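Everything on this sheet refers to the single structure shown next.
Being a predicted model, the structure only gives us computed values, none of them experimental.
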Amino acid sequence: MSETTLRHDLPPELACPISPVVDLVFSRWTTPILWALHEYGRQRFVELERRITTISPKVLTQRLRQLERDGLVVRTYYAEVPPRVEYEISDLGRSLAPLFATIAEWSPNLDAVEKARREYDAKRSGA
């Protein structure tokens with residue numbers, strides 16, 4: 001039995017091969033964190049916090065831990081006085097760059113999405 005046949009036996013949310021990637025990479029704060037680390041290099045927590053102004057320290061901590069667990073971010077602890085911790089994007093995290101570049105290339109289509117929404121809303125409110 002082929003993999004395609006097996007996928008047809010599964011519900012769509014389990015059969016879609018990109019769903020796990022989307023869940024991993026596009027969760028609420030993952031993309032801004034990875035973008036900041038990719039764009040600006042190794043950073044301390046406070047630097048990330050300053051760059052991503054709308055994230056709370058608690059959520060930033062949680063996301064960084066999850067990204068470290070997923071292998072997308074590397075945390076380095078320096079046992080000095082005072083202690084210092086830095087975060088950087090891993091090679092695995094960097095491997096997402098072509099995916100993000102493709103999405104960035106698609107982003108001009110957001111104007112068309114906004115237009116479609118306005119047209120839809122206008123039809124709905126007139127109905």
Distance (rounded to the nearest 0.5 Å) between [X] [atom1] and [Y] [atom2]:
{"X": "Arg63", "Y": "Asp70", "atom1": "CZ", "atom2": "CG", "result": "7.5 Å"}
{"X": "Trp29", "Y": "Leu60", "atom1": "CH2", "atom2": "CG", "result": "9.5 Å"}
{"X": "Leu67", "Y": "Leu34", "atom1": "CG", "atom2": "CG", "result": "5.5 Å"}
{"X": "Gln43", "Y": "Arg51", "atom1": "CD", "atom2": "CZ", "result": "4.5 Å"}
{"X": "Leu96", "Y": "Leu24", "atom1": "CG", "atom2": "CG", "result": "7.5 Å"}
{"X": "Thr76", "Y": "Arg44", "atom1": "OG1", "atom2": "CZ", "result": "12.5 Å"}

Is it the case that more than 12 heavy atoms not belonging to Ile18 sit under 6.0 Å from its CD1 atom? no
In terms of heavy-atom contacts, does OH of Tyr120 have more than 12 from other residues, nucleotides or ligands at under 6.0 Å? no
Please say yes or no: joined through hydrophobic side-chain contacts below 4.5 Å, possibly via intermediate residues, are [X] and [Y] part of one cluster?
{"X": "Phe26", "Y": "Val113", "answer": "no"}
{"X": "Tyr78", "Y": "Val46", "answer": "no"}
{"X": "Phe100", "Y": "Trp106", "answer": "no"}
{"X": "Tyr77", "Y": "Phe45", "answer": "yes"}
{"X": "Val74", "Y": "Val85", "answer": "no"}

Inspect the contact between [Y] and [X] and indicate whether a charged nitrogen and a carboxylate oxygen are less than 4.0 angstrom apart.
{"X": "Arg94", "Y": "Asp91", "answer": "yes"}
{"X": "Lys115", "Y": "Glu119", "answer": "yes"}
{"X": "Arg117", "Y": "Glu114", "answer": "yes"}

[X] to [Y] - nearest heavy-atom pair and separation:
{"X": "Pro17", "Y": "Pro20", "answer": "O-CD, 3.6 Å"}
{"X": "Leu48", "Y": "Ala36", "answer": "CD2-CB, 3.9 Å"}
{"X": "Ile55", "Y": "Ile52", "answer": "CG2-O, 3.0 Å"}
{"X": "Ser90", "Y": "Gly71", "answer": "OG-O, 2.5 Å"}

Taking Ser125 for its side chain and Ala122 for its backbone only, find out whether a donor-acceptor pair lies under 3.5 Å. yes
List for me each residue that meets ring-ring contact (aromatic ring centres under 6.0 Å, His included) alongside Tyr40, sequence neighbours excluded, and say none if there are none. Trp35
